[in-house]
There are 2 protein chains.
Amino acid sequence: MPSSAPAEVPPPAAGSQGVEQVAPSFSPLYQQIKALILRSLQAGEWRPGEAIPSELELAARFKVSQGTVRKAVDELAADNLLVRRQGKGTFVATHHEEQIQYRFLRLEPDHADALGGGANRTFLDCRRLRAPADVARALQMKQGEMVVEVRRVLHFSGQPVVLDDIWLPGHLFKGLTAERLSQYRGPMYALFESEFGVRMIRAEEKLRAVLADDDVARLLEVAPGAPLLSVERLAYTYGDQPVELRKGLYRTDRHHYRNELN
Amino acid sequence: MPSSAPAEVPPPAAGSQGVEQVAPSFSPLYQQIKALILRSLQAGEWRPGEAIPSELELAARFKVSQGTVRKAVDELAADNLLVRRQGKGTFVATHHEEQIQYRFLRLEPDHADALGGGANRTFLDCRRLRAPADVARALQMKQGEMVVEVRRVLHFSGQPVVLDDIWLPGHLFKGLTAERLSQYRGPMYALFESEFGVRMIRAEEKLRAVLADDDVARLLEVAPGAPLLSVERLAYTYGDQPVELRKGLYRTDRHHYRNELN
DNA sequence: GAGTGGTCTAGACCACTCC
DNA sequence: GAGTGGTCTAGACCACTCA
């Protein structure tokens with residue numbers, strides 16, 4: 001966004017400050033630094049899991065003080081784009097090496113004793129098709145462009161709990177097949193990150209209560225007409241670009257969706 | 001709550017740092033300052049909506065630098081306990097003068113055109129009774145202690161959408177009646193704050209999909225067996241003390257529960 | 001113009017990690 | 001011991017608010 005000049009910031013001049021970009025409105029130096037680091041992340045200058053340069057190096061590169069870099073990095077870490085590790089460095093966040101299996105899944109068992117040990121995934125389908133109108137709209141694609149459609153079921157403690165229908169832009173996920181998905185160990189978003197270079201960084205969900213139709217009832221092993229939690233998720237990568245639409249149906253007889261309000 | 005000693009911190013000594021409280025493990029100075037400010041908030045030294053002392057005053061009072069106070073205040077502002085206003089001061093957060101009517105309500109209309117203008121509240125019931133087991137457990141009270149039970153319906157655009165059953169510790173809400181609730185203009189939490197000195201600062205929700213029983217169906221004007229979003233909320237005041245249990249049932253045919261994941 | 005929070009700098013020392 | 005992020009200080013100037 002900022003200048004046309006190389007990824008550098010105008011010199012702070014004597015009494016510091018005095019940064020005047022060309023067109024846009026003023027913004028604090030640390031916000032500009034944040035934007036520059038963000039640009040490097042998006043461009044893949046440092047890959048997920050790798051360390052970025054130290055604060056002192058970044059300060060030298062951008063010709064600002066360490067404190068200013070620190071504030072920029074603090075915000076990026078708060079956004080879960082970077083991870084700070086004292087004594088080691090600052091790292092690009094990754095869906096690999098994550099403590100929790102499912103980064104965005106807010107479902108948890110009603111009773112902790114129900115071991116959350118393993119979720120088994122079953123991929124029922126993975127095909128390419130022309131985007132239906134609502135999918136195209138959500139993913140900001142043209143209607144009729146190719147998308148990948150995936151259907152899967154998650155089992156907890158042997159019970160089917162989640163049925164997900166997932167749509168991904170076809171041009172970003174060229175070699176994606178049911179086989180690749182089935183064979184992969186670890187979070188789906190980790191696969192997307194390392195195999196397709198698409199990193200999910202935030203998401204929005206819309207929740208509703210719905211009734212199971214016959215198809216869904218069979219797959220989730222509930223009676224037709226049973227209540228299900230409908231979770232429509234739109235996930236974004238860098239630059240607020242939507243790259244995944246997911247319509248999930250959750251059984252909530254032994255689990256619940258947990259949310260914290262602040 | 002303040003300590004036996006005046007609310008002050010040991011002097012930083014020459015090379016700064018060197019703060020050693022008696023028993024607990026070490027923690028950064030700004031965390032200790034944060035805890036002291038929190039204590040003052042809880043004790044009501046400054047009331048909701050009022051300004052707290054300026055950063056320089058606080059720095060003098062706690063015998064630390066302005067930067068350290070700033071970091072403490074930054075975190076309290078991030079937690080929505082304080083509100084910073086440039087040029088004016090830092091203020092204790094309040095449920096009055098809030099832009100949005102419902103601080104914790106995540107429900108929004110499917111189509112923005114559906115005017116969110118006004119939500120009409122109808123209070124169906126407000127009585128005192130001995131806490132049922134589950135309510136007592138959630139509110140960390142003894143079973144059989146008195147609680148206030150409130151039932152209300154929210155209407156949006158003339159349609160009933162939310163049915164809430166609310167339980168509050170009786171000893172904290174002595175004079176609460178249906179009449180007080182009905183007459184009050186503004187958020188319920190604002191009433192709780194100014195009339196009963198109980199400020200809600202965060203909450204946890206558990207969501208499920210359920211079916212409407214006959215009673216509920218009548219009140220929300222849906223068919224018996226219609227799907228409803230069940231939202232169980234536990235709201236906390238200072239010190240992680242639970243002070244409100246709320247079981248809500250939401251119609252989600254024209255609205256949805258919105259959540260952001262980061 | 002005084003007072004407030006907001007930004008930026010420079011330099012110090014601490015805590016942790018790794019060699 | 002060198003290098004990293006984490007904390008703390010002191011002082012400067014900026015942007016905003018209000019009298």
Side-chain angles (χ1 to χ4, degrees), chain A residues 9-21 25-37 46 49-78 81-93, chain B residues 9-21 25-37 46 49-78 81-93:
Chain A
V9 145
S16 66
Q17 264 94 345
V19 182
E20 308 165 23
Q21 289 308 31
S25 59
F26 295 87
S27 76
L29 240 192
Y30 75 87
Q31 289 285 8
Q32 301 179 39
I33 305 300
K34 183 181 173 185
L36 290 175
I37 296 175
W46 318 293
E50 282 183 7
I52 71 171
S54 75
E55 294 179 351
L56 282 173
E57 285 176 301
L58 288 173
R61 165 166 164 181
F62 297 128
K63 298 201 172 64
V64 299
S65 78
Q66 186 186 4
T68 300
V69 168
R70 167 166 287 274
K71 187 146 188 184
V73 171
D74 276 346
E75 293 205 354
L76 291 166
L81 295 177
L82 297 175
V83 178
R84 320 192 73 145
R85 289 186 209 145
Q86 184 173 155
K88 302 181 73 174
T90 301
F91 298 79
V92 182
Chain B
V9 143
S16 66
Q17 262 93 346
V19 182
E20 306 164 25
Q21 290 306 31
S25 60
F26 294 87
S27 74
L29 240 192
Y30 74 88
Q31 290 283 9
Q32 301 179 38
I33 305 300
K34 183 181 173 184
L36 290 175
I37 296 175
W46 318 292
E50 282 183 6
I52 71 170
S54 75
E55 294 179 351
L56 283 174
E57 285 175 302
L58 289 172
R61 165 166 163 181
F62 297 129
K63 297 203 173 63
V64 298
S65 79
Q66 185 185 6
T68 300
V69 167
R70 168 166 288 274
K71 186 147 188 182
V73 171
D74 276 346
E75 293 205 353
L76 291 167
L81 295 177
L82 296 176
V83 177
R84 319 192 74 143
R85 289 186 209 145
Q86 184 173 156
K88 302 182 70 172
T90 301
F91 299 78
V92 181

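So you know, we letter chains A, B, ... as the sequences are listed, proteins then strands, and number each from 1.
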Trainee: Under 4.0 Å: is that the gap between some side-chain N or O of Arg70(B) and OP1 or OP2 of dG6(C)?
Mentor: yes

Trainee: Please check this pair: side chain of Glu50(B) against backbone of Val92(B), looking for a donor-acceptor N/O pair closer than 3.5 Å.
Mentor: no

Trainee: Donor-acceptor check, side chain of Gln32(A) to backbone of Ser27(A), threshold 3.5 angstrom: yes or no?
Mentor: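 Present.
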
Trainee: Nearest heavy atom decides the nucleotide; on that basis, is Leu56(B) or Tyr30(A) closer to the 5' end of DNA chain C?
Mentor: Leu56(B)

Trainee: So if I take every side-chain heavy atom of Val64(B) and compare against dT9(D), dT4(C), dT7(C), which nucleotide ends up nearest?
Mentor: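 Of the options given, the side chain of Val64(B) lies nearest dT9(D).
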
Trainee: Rounded to whole angstroms, how far apart are CZ on Phe91(A) and C1' on dC18(C)?
Mentor: 12 Å

Trainee: Taking NZ from Lys63(A) and C1' from dT9(C), how many angstroms apart are they, rounded to a whole number?
Mentor: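 Rounding to the nearest Å, NZ of Lys63(A) and C1' of dT9(C) are 17 Å apart.
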
Trainee: Quick one: is Arg85(A) getting a side-chain N or O under 4.0 Å of the dC16(C) phosphate, OP1 or OP2?
Mentor: no

Trainee: When rounded to the nearest 0.5 angstrom, what is the spacing between NZ in Lys63(A) and OG1 in Thr68(A)?
Mentor: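 Rounded to the nearest 0.5 Å, the NZ-OG1 separation comes to 14.5 Å.
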
Trainee: If you take all heavy atoms of Tyr30(A) and Ala72(A), which pair is closest and at what distance?
Mentor: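 Shortest heavy-atom contact: O-CB, 3.4 Å.
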
Trainee: Which string of ( ) [ ] | and . matches DNA chain C, if you list each base 5' to 3' and count Watson-Crick or G-U pairs only when both distances are under 3.5 Å?
Mentor: ||||||||||||||||||.

Trainee: Want to settle it: does Gln31(A) or Gln66(A) sit nearer the 5' end of DNA chain C, counting the closest nucleotide to each?
Mentor: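 First, find each residue's nearest nucleotide; the 5'-ward one identifies Gln31(A).
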
Trainee: Counting heavy atoms from C-beta on, name the nucleotide in dC16(D), dG5(D), dT4(C) closest to the side chain of Gln86(B).
Mentor: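 Of all the options, the side chain of Gln86(B) is nearest to dC16(D).
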
Trainee: Rounded to whole Å, how long is the line connecting atom CD1 of Ile52(A) with atom C1' of dG5(D)?
Mentor: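 Distance check: Ile52(A) CD1 to dG5(D) C1' gives 11 Å.
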
Trainee: Which atoms form the tightest heavy-atom contact between Pro53(A) and Leu58(A), and what is the distance?
Mentor: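 The answer is O-CD1, 3.6 Å.
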
Trainee: Whole angstrom is fine here: how far is it from NZ in Lys34(A) over to P in dT7(C)?
Mentor: 12 Å

Trainee: Between dA10(D) and Ser65(B), is there an OP1 or OP2 to side-chain N/O distance shorter than 4.0 Å?
Mentor: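 For Ser65(B), the contact criterion (side-chain N or O under 4.0 Å from OP1 or OP2 of dA10(D)) is not met.
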
Trainee: How long is the line joining CG of Leu29(B) and P of dC13(C), in whole Å?
Mentor: 17 Å

Trainee: Nearest whole Å is fine: how far is dC8(C) P from Lys71(B) NZ?
Mentor: 16 Å

Trainee: Any side-chain to backbone donor/acceptor pair from Glu57(B) onto Ser54(B)? Under 3.5 Å, distance only.
Mentor: yes

Trainee: What is the separation between atom CG on Asp74(B) and atom C1' on dG6(D), rounded to the nearest whole Å?
Mentor: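 Rounded to the whole Å, the gap is 15 Å.
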
Trainee: OP1 or OP2 of dC18(D) sitting under 4.0 Å from any side-chain N/O of Lys88(B)?
Mentor: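 Yes, such a contact exists.
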
Trainee: With respect to the phosphate group of dG3(C), does any side-chain polar atom (N or O) of Ser54(B) fall under 4.0 Å of OP1 or OP2?
Mentor: no

Trainee: On the nucleotide dT9(D), are OP1 or OP2 found under 4.0 Å from the side-chain N or O atoms that Thr68(B) carries?
Mentor: yes

Trainee: Would you say Leu29(A) and Phe62(A) make side-chain contact, with heavy atoms under 4.5 Å?
Mentor: no

